[in-house]
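So the structure is just underneath, and the comments pick up after that.
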Amino acid sequence: MKVVIFGATGMVGKGVLLECLDDPRVESVLVVVRDHIDVSHPKLREIIHQDFFDFSGIQAQFADLDACFFCIGVSSVGMSKTEYHHLTYDLTLAAATAIATVASGRLTFCYVTGEGTDSTERGRTAWARTKGMTENALLRLPFKAAYMFRPAFIEPLRGIRSKTGWYQALYNVVGLFLPLIRRLFPRHVTTTVNVGRAMIHVAASGYSKHILLTDDINHLAAKT
């Protein structure tokens with residue numbers, strides 16, 4: 001497969017990238033980033049692109065791809081509803097629409113959202129409604145298939161750290177209790193490795209569900 005990753009400099013996206021580079025089913029990896037990434041590999045090619053709301057200048061680069069792993073996400077903490085909508089719905093759909101225009105019939109789109117996403121778009125939590133709206137819009141686009149990944153807690157592996165300071169501080173604290181958390185809430189804990197492996201699996205072989213929770217992610221990762 002030829003794949004493109006958005007968000008490869010973030011915690012989840014970098015985890016997906018490393019799994020793609022290791023997996024023989026992935027022939028090549030294109031990453032679209034604002035700054036150079038700190039990974040080098042014969043499979044890897046990067047495009048430096050600043051405006052993530054307009055991909056018209058690089059759209060042709062998406063024409064022969066088989067899968068897109070979209071791992072860009074922002075926290076709603078401290079953000080207005082309008083700003084969060086712009087950086088979640090508008091940004092994601094800008095990329096997805098550009099890709100669908102040139103690679104719709106052959107490409108599988110995988111999107112990382114989160115547990116608690118509101119598919120009805122009518123719930124009381126603004127971020128969950130926005131995520132649900134984004135998922136629903138992606139599912140309507142003319143891709144070969146689209147899958148929504150809704151993990152709960154994601155443990156970063158392979159030396160990956162969050163670029164967001166308070167996220168990393170949270171992970172440092174939670175990591176001390178992770179064995180206990182895994183025992184108490186096994187269905188709500190996954191890893192960056194498992195997310196990457198599960199995405200590769202559904203892109204290569206499909207899956208019976210279009211919305212994947214943590215259990216689904218861990219199940220598919222174990223089959224890789």
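Just so you know, these numbers use all the heavy atoms, side chains as well, and skip hydrogens, waters and symmetry mates.
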For the aromatic rings, using the six-membered ring if either is Trp, is the centroid distance between His210 and Tyr147 under 6.0 Å?
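Yes, close enough.
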Validation row, ring centre Phe70 to ring centre Phe149 under 6.0 Å
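Between Phe70 and Phe149, the centre distance exceeds or equals 6.0 Å.
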Less than 4.5 Å apart, any side-chain heavy atom of [X] and any of [Y]?
X      : Y      : result
Met79  : Val77  : no
Val102 : Leu65  : no
Phe143 : Arg106 : no
Phe53  : Asp90  : yes
Thr9   : Lys14  : no
Ile154 : Val12  : yes
Tyr111 : Thr92  : yes

Consider side-chain hydrogen bond (donor to acceptor under 3.5 Å, both in side chains). Of Arg158, Lys43, His41, which one does Asp22 pass it with?
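Considering Arg158, Lys43, His41, a side-chain hydrogen bond (donor to acceptor under 3.5 Å, both in side chains) with Asp22 is found only for Arg158.
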Give the C-alpha distance, both sets of side-chain angles, the deciding distance and a yes or no for side chain to side chain contact (heavy atoms under 4.5 Å, CB included) between Cys20 and Ile5.
CA-CA 10 Å; Cys20 286; Ile5 301 174; 4.2 Å; yes
Working note: Leu212 + Met148, criterion side chain to side chain contact (heavy atoms under 4.5 Å, CB included); need CA distance, chi angles, decisive distance, verdict.
CA-CA 6 Å; Leu212 290 80; Met148 310 296 118; over 6 Å; no
Check whether [X] reaches the backbone of [Y] with its side chain - one donor and one acceptor, N or O, closer than 3.5 Å.
X      : Y      : value
Thr113 : Lys131 : no
His49  : Asp51  : yes
Thr125 : Trp127 : no
Glu115 : His188 : no
Gln59  : Ala98  : yes

If you compare all heavy atoms of [X] against all heavy atoms of [Y], which two are closest, and at what distance to 0.1 Å?
X      : Y      : value
Ala8   : Val31  : CB-CG1, 3.7 Å
Leu141 : Ala96  : CD1-CB, 3.7 Å
Gly123 : Arg129 : O-NH1, 2.7 Å
Phe109 : Ile99  : CE1-CD1, 4.4 Å
Asp35  : Ile48  : C-CD1, 3.7 Å
Thr117 : Gly132 : CG2-N, 3.4 Å

I'd like to know if the side chain of Arg150 pairs up with that of Ser119 as donor and acceptor (distance under 3.5 Å, no hydrogens or angles considered).
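Yes, a side-chain donor-acceptor pair sits under 3.5 Å.
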Side chains of Thr191 and Glu155: do they bring a donor and an acceptor to under 3.5 Å?
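Side-chain D/A pair, Thr191 to Glu155: absent.
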When you look at NZ of Lys144, are more than 12 heavy atoms from neighbouring residues, nucleotides or ligands closer to it than 6.0 Å?
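Atom NZ in Lys144 is not packed in, count stays at 12 or less.
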Any salt bridge between Arg124 and Asp118, counting N to O under 4.0 Å?
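Asp118 and Arg124: not salt-bridged.
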Please round to the nearest 0.5 Å and tell me the distance separating atom [atom1] of [X] and atom [atom2] of [Y].
X      : Y      : atom1 : atom2 : value
Leu87  : Ser75  : CG    : OG    : 11.5 Å
Phe153 : Thr214 : CZ    : OG1   : 11.0 Å
Leu213 : His219 : CG    : NE2   : 13.0 Å
Asn218 : Leu220 : CG    : CG    : 9.5 Å
Lys209 : Asp215 : NZ    : CG    : 7.5 Å
Thr134 : Glu121 : OG1   : CD    : 8.5 Å

Check step by step if salt bridge (Lys or Arg N to Asp or Glu O under 4.0 Å) holds for Arg197 and Glu19.
CA-CA 6 Å; Arg197 290 179 178 177; Glu19 297 310 308; 3.2 Å; yes
Review item, side-chain donor-acceptor pairs of residues 198-208, under 3.5 Å, at least two apart:
| unit_1 | atom_1 | unit_2 | atom_2 | d |
| --- | --- | --- | --- | --- |
| Tyr207 | OH | Asp216 | OD1 | 2.8 |

Hydrophobic cluster identity match, Ile47 and Phe55, side-chain contacts under 4.5 Å
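Yes.
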Single-linkage hydrophobic cluster, 4.5 Å side-chain cutoff, Ile160 and Val112 together:
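Linked, Ile160 and Val112 end up in one cluster.
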Member of Val33, Leu91, Val32 meeting the side-chain contact (heavy atoms from CB on, under 4.5 Å) criterion with Phe6:
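The residue from Val33, Leu91, Val32 that satisfies side-chain contact (heavy atoms from CB on, under 4.5 Å) with Phe6 turns out to be Val32.
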Determine, stepwise, if the pair Leu18 / Val193 fulfils side chain to side chain contact (heavy atoms under 4.5 Å, CB included).
CA-CA 8 Å; Leu18 294 179; Val193 167; over 6 Å; no
As a quick check of understanding, evaluate side chain to side chain contact (heavy atoms under 4.5 Å, CB included) for Val29 and Leu21, giving each step before the final call.
CA-CA 7 Å; Val29 183; Leu21 296 178; 4.0 Å; yes
Determine the interplanar angle of the Tyr89 and His85 rings, folded into 0 to 90°, and report it as parallel if under 30°, tilted if 30 to 60°, perpendicular if over 60°.
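Rings of Tyr89 and His85: parallel, under 30°.
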